[in-house]
Every structure is written in structure tokens, then in C-alpha cells.
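This report refers to the structure that appears directly beneath it.
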2 protein chains.
Amino acid sequence: MYAVNLARYQRYPDCKRRGLRALPPLALFTSKECHYSIKKGAAFLGLGTDSVRVVKADERGKMIPEDLERQISLAEAEGAVPFLVCATSGTTVLGAFDPLEAIADVCQRHGLWMHVDAAWGGSVLLSQTHRNLLDGIQRADSVAWNPHKLLTAGLQCSALLLQDTSNLLKHCHGSQASYLFQQDKFYDVALDTGDKVVQCGRRVDCLKLWLMWKAQGGQGLERRVDQAFALARYLVEEIKKREGFVLVMEPEFVNVCFWFVPPSLRGKQESPDYSERLAKVAPILKERMVKEGSMMIGYQPHGTRGNFFRMVVANPALTRADMDFLLNELERLGQDL
Amino acid sequence: MYAVNLARYQRYPDCKRRGLRALPPLALFTSKECHYSIKKGAAFLGLGTDSVRVVKADERGKMIPEDLERQISLAEAEGAVPFLVCATSGTTVLGAFDPLEAIADVCQRHGLWMHVDAAWGGSVLLSQTHRNLLDGIQRADSVAWNPHKLLTAGLQCSALLLQDTSNLLKHCHGSQASYLFQQDKFYDVALDTGDKVVQCGRRVDCLKLWLMWKAQGGQGLERRVDQAFALARYLVEEIKKREGFVLVMEPEFVNVCFWFVPPSLRGKQESPDYSERLAKVAPILKERMVKEGSMMIGYQPHGTRGNFFRMVVANPALTRADMDFLLNELERLGQDL
């Protein structure tokens, strides 16, 4: 929401005072794999969910830049003014990374604000081995990053990084409340960040990141990221070895998506109700693991795919033994299905 | 922002999808003593700060209902559609309580959503002695309340209370993300509150209030509120006894606003530069107390009044000795001025 608000303000500074009714209809673009907060934010900001144009993604969940071009032309033909593209680095379900260089080219060509929702995948930048997944992010106008996700900082710890050097945050959000942002303080009042943000009374969430970074060092955080990748890889290889497990796809991140196929469904892929019956397995196992108290693994449907498990490997305390336990436990809980 | 978004959605459900461009120009009303978040929120929500119509307040900082009526007629005459009134219970600087019954009458007459910003003063409802300050709040459509202020719950702890029983929050904010709000869970999914709110990953801030309430009981919290009022009253009486202190006004809440008049300015009220020189005193004393490390008391200008101190008595650990220290310390720090 910050990024969208900044982008529209930069283009139409007048909207702070006069509102959206003074503007032409705006259009922003994101892939069908984007986080649901994009549409939610568009509604909240008064743009309306219709202003969000959904760009196609490939079978791995990555935005297709050619379709982005097409959607931009389509929006313009309908009289809307494109102003922002939201790329995703680390989609929620599949963990996909959009092709940022190609998207940046499109943004540059059309003069659009490039936002990267790297809430989930942004921490990968700390890894020399894997950071190439985010190639092109340096061209973004804004990046959202949640150290409370992959780096496991305490909830909440969210950062918005901006390319801007014109004090856009201050211009866009400043309200000069005279009882708070006095100009006659004895220090440089440019250091007061309060007037740059939307919230007033709020926690100093950045302190958690600073402390963690100081304590772990860049290398310590890099190890966490690399270890998560390695453990996800281990889980994938173990899944391939076991009869009752089917990968949804080879992951490129630490989202390991798979089906557990219970004994009664094995070898029945050709039967007409196979998918329907398989989709009912995950909710049953989820109920059993919750009641047992042994694990908490999410599941969801996705496009035409029925419910599958999504094991997100992030906690640095996890070990290979935990991955083995996870698979054994699913087998145990589902042996009668 | 939640309340404004809910109010406009209730009147124009279509705006969630189509945005504000599909609506007539909207107008909301609040007093000139309101919190700065109202205008900030109006800009963020795409309404624009011009949509906020400022209603006059009396000399004690309370909204004048007759002027509210006038502003509503004025807005309508200009072609705007009034939809919300934001009353304040406990203004930031003076601690004023708007006359809620009279404001509720106006809202009822015009069919407007009545929101009460009781972020600061809402906790007064816990006091049998002082709760009459909020008479009429039961007629509000929505109330914002921050237990992290007067009740000193840990930052952040903010509540939005709604009169609505139609599940408006769900309709307004729901986005049915299929990977999160699965309908095939084994318990009643109506218990999932996640889809009702704007944020996704967030702390369970309500737990702090629940724990505090359990630990202190209603009477314990009432004592905190009553004690804050009593201590503020003590400070006021002490201020009246001392030569170098002048009350801005008799407070009705725990905001004690006063000037410290240094020796060189005493008895000089008639001199033409008195106000100007007095306004420079608070910033100097603030610098001195910060560098000394002895206190932190805010100051601000207010309307035509130059800088004055605002001692907000909230911390339940404060005692009369602390109030005496405060006054002694100001005298000590300002004796050469």
C-alpha cells in the first residue's frame, strides 16, 4: 500500500489533497500468483480491485513479461492510465521469482513504477549462492521485504526500500502536526522520521532486524538462507525416494509442494475420481496432525490442482531428522486412507 | 482508516471493486482539534484531504455541534455527499471530549456514520466516576480505542469496536485467499478472523489487553484511570500555588497544559514581546531536560497560544513526589531565564 500510494502521488501530487476523483482511472499490474494484499490494498486505497490487472504466469508461477506488455496495451485501450507494476520475488504458494530484468525493461519502456513484493523472497539477497534469483531488483523503484519471514525476526518486521532520493515519503505522507514535529527542536529535525510514515504510535520494529544483524553478522544470516535452501533440497530428494509422495514441481525456493498419496489411491491415477479423492486427503491429515499436536503444515488448492501440502523450510533450528519425521508422520497418519 | 473505509463501503459497496471514481465526492467531518491521522487517512484512502471538513471547536477544544450542522449544509451545497462524522474523545493537546450526544443527534438526522476517535480517552469508560465524559458513545457506529495509551498496554494495542452485526468487516475486507482461508477445515471457519482485517501477517496484540485485564481486573484498571485523574488534579493545584507557572486552562482530563514563566518574564505580561519570548522558553527547557536526562515533557504551540508544556499523567507508577519533582526541576532548569 505504501508503494502504490507513493507511485500515484509521484505521478499526481495533487491527489493527496483532491483525491482519486480528480485523476483518470489508474491501472496497476501484477501476476495471478501475486499476494492477495495487492487487491486488498487497491480496494483500501480507493482504487478498487478492478484497477488491478492480472498478468499471466507460466506453469512455474512466474509472471510472463509478454503478457504484461499485452495487459498494458489493453488497459490503455480501455482508457486507463498504467502507473505501477508489482513483481513478486517468492510467490506465496510455489515460491516463484518473477523475471525482474525483463519486467524492469517493460516498466522503463512505459515509464511505470516498478515495485517488487519481496516480502518472502527478499532475504535471498543475503546469499551469494542464490541471490541471482533476484537479478534486476536493483532497478526497482520500491521493494517490500519482511525479515520476519525467512530470517525469522519476531513478528512484525517489514521494510520498504525506495530508490527515491527526493524525500518522496515526507512529501507524500507529511502532515506537519505542530504538536509532534516541532521545528524548534535543538537537533536536526530532518532526523525525525515520524512525519514520513502513515502510522503514528508504533513499535520500533527495525530494532529487531538491527540487533539480529549485529548478532549474526551478514555471514550468519547468509548461512540461515543457504541452510534453508539445502534442507528444502534434502526434503525434495527424500520425497522422490518414497512411494506415497508426489512433488507438485521441482521448487526453486524453499516452498516444497507435494501430495501425499495414501495407500488406497496409489496406482489409481487413471481413475476418473482420482483428483477429487486426492484433494480430500490433505484436510484429513491436517486435522489429524493438529489433534495429535505433532506438526503444522499448510495445504491449499492451486489453480486446477487439488489440495496439496506446502512445507516451507525456514526455521534455522530445523534438521534433516525433522524432514524425515515429517514424511514418516504423514505416512503414519495416512496409512488407513 | 478502518472506520472510514467501512463507512464508505456500507454506503457504496461497489467502491470495493470500482474504486472512488465511481462515487460522488464524499465529505467527512471532524473538529479542528482532531488527531492528524484523519487527514492523513483521507489522503491514503484516496479521498484526499479536501474531503475532510473542519468543524469549529469551542475554547476548551470541544466540537461545536451547531457548526457541524453548518458544515454539513455547506458541503451539500457544494455537491459533496456527507457520509461520516469523526468525534474525538480526548483530544491530543487539550484532552477535550466532544459532546457525543449532540453529535449523535446530528448524525442520526443526516444518516451519517458516527465514528468516535477515543484512542486517548476511551479508557475513561472503565471509571464509574469519570465515564460520563463519554456519554453518547453507545450511539456510535464505530469507536477506535488504544489501550496502549492511558492503560499503558505495551505498544501497539489498538481496538476498533463496531455497532455492526452484519459481518461488515468480512464483506468489506474479505478477499478469500484460497491458500489461507480454506473452507474445508475441520472446525467452524467463521472463527477465522484473518479475512476480516486489512493486514495479513500481524502480532496478536489483543492478547496484551486480555492478559492485563485478567491480571488487574476491571477494578484494577478503573483504579489506574481514577488515579491518573487524581494525580493530574494534584499537579493542577500545585501549579496554581507556584509563582512561575500559569495554567493554559482547567483540564477535564489528564492533559495538564501550562506555561513555565521564567524569572525575567514574571510581571511583564503587558510588554509587547511577552508572548513571543514566553514561546521560546519551552524549547530551551526541553533541550536542557533531555541533555540532563531528568525528564521528558512535550511542548507545542496551539492556535494563537505560543509553546506551552503538556504533562500527560498516565503512568500508574507516578506519584505526587514525581509531580513535585517535575515542578522543582522546571524551576531549577529555568532559573537563569
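Naming: A, B, ... by sequence-line order, numbering from 1 per chain. Remember, it's a predicted structure, so these values are computed and weren't measured experimentally.
Looking at A:Lys280, neither its backbone nor its side chain comes within 4.5 Å of chain B, counting heavy atoms on both sides. Both the backbone and the side chain of B:Tyr299 have a heavy atom closer than 4.5 Å to some heavy atom of chain A. Contacts between A:Val4 and chain B at a heavy-atom distance below 4.5 Å are absent for every atom of the residue. Interface residue A:Asn5: only side-chain heavy atoms are found under 4.5 Å from chain B. Heavy atoms of A:Leu23 lying under 4.5 Å from chain B belong exclusively to its backbone. Using a 4.5 Å cut-off between heavy atoms, B:Leu47 touches chain A through its backbone atoms (N, CA, C, O) alone. Only the side chain of A:Val93 comes within less than 4.5 Å of a heavy atom in chain B; its backbone stays farther off. If you measure heavy-atom distances from B:Thr92 to chain A, the contacts under 4.5 Å come from the side chain alone. Within the 4.5 angstrom heavy-atom criterion, only side-chain atoms of B:Asn307, from C-beta onward, approach chain A. No part of B:Val52 comes within reach of chain A, as not one of its non-hydrogen atoms sits under 4.5 angstrom from that chain.
Interface check for chain A: of the options B:Leu45, B:Leu20, B:Leu155, the most heavy-atom pairs under 4.5 Å are formed by B:Leu45. By number of non-hydrogen pairs under 4.5 angstrom with chain A, the leading residue of B:Lys39, B:Lys185, B:His173, B:Lys286 is B:His173. The choice from A:Lys40, A:Lys149, A:Lys16, A:Gln300 that makes the most heavy-atom pairs within less than 4.5 Å of chain B is A:Lys40. Chain A forms more heavy-atom pairs under 4.5 Å with one residue of B:Pro25, B:Cys15, B:Ala43 than with any other, namely B:Pro25. Contact count against chain A (heavy-atom pairs under 4.5 Å) is highest for B:Arg8 among B:Arg8, B:His148, B:His302. The residue among A:Arg18, A:Arg202, A:Gln199 with the most heavy atom pairs within less than 4.5 Å of chain B is A:Arg202. With respect to chain A, the highest number of heavy-atom pairs below 4.5 Å among B:Cys200, B:Gly174, B:Ala22, B:Pro301 belongs to B:Cys200. The residue among B:Arg203, B:His35, B:Gln156 with the most heavy atom pairs within less than 4.5 Å of chain A is B:Arg203.
Shown here for A:Lys208 and A:Gly154, the closest heavy-atom pair between the two residues is NZ-O, 3.1 Å. Summarising the geometry of A:Val198 relative to A:Tyr2, their closest heavy-atom pair is N-OH, 2.7 Å, with the distance given to 0.1 Å. What you find for A:Ser123 and A:Trp145 is that their closest heavy atoms are OG-NE1, 2.9 Å. The heavy-atom pair separating B:His115 from B:Ala144 by the smallest distance is CE1-N, 3.7 Å. Here the closest non-hydrogen pair linking A:Ile38 and A:Cys34 is CG1-SG, 3.9 Å. The shortest heavy-atom contact between A:Phe258 and A:Phe308 is O-CB, 3.4 Å.
B:Leu94 contributes atom CG, which lies 12.5 Å from atom CZ of B:Phe253 (distance to the nearest 0.5 angstrom). One distance of note links CE of B:Met311 with CD1 of B:Ile297; it measures 6.0 Å at 0.5 Å rounding.
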*Would B:Asp195 and A:Tyr36 count as a side-chain hydrogen bond (donor to acceptor under 3.5 Å, both in side chains) if you check the C-alpha gap in whole Å, the side-chain angles of each, and the deciding distance to 0.1 Å?*
CA-CA 11 Å; B:Asp195 208 22; A:Tyr36 75 97; 5.7 Å; no
*Does the side-chain contact (heavy atoms from CB on, under 4.5 Å) test come out yes or no for B:Thr88 and B:Glu33, once each step is laid out?*
CA-CA 8 Å; B:Thr88 312; B:Glu33 298 289 318; over 6 Å; no
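For B:Asn146 and B:Ser158, the side-chain atoms include at least one donor-acceptor pair closer than 3.5 Å.
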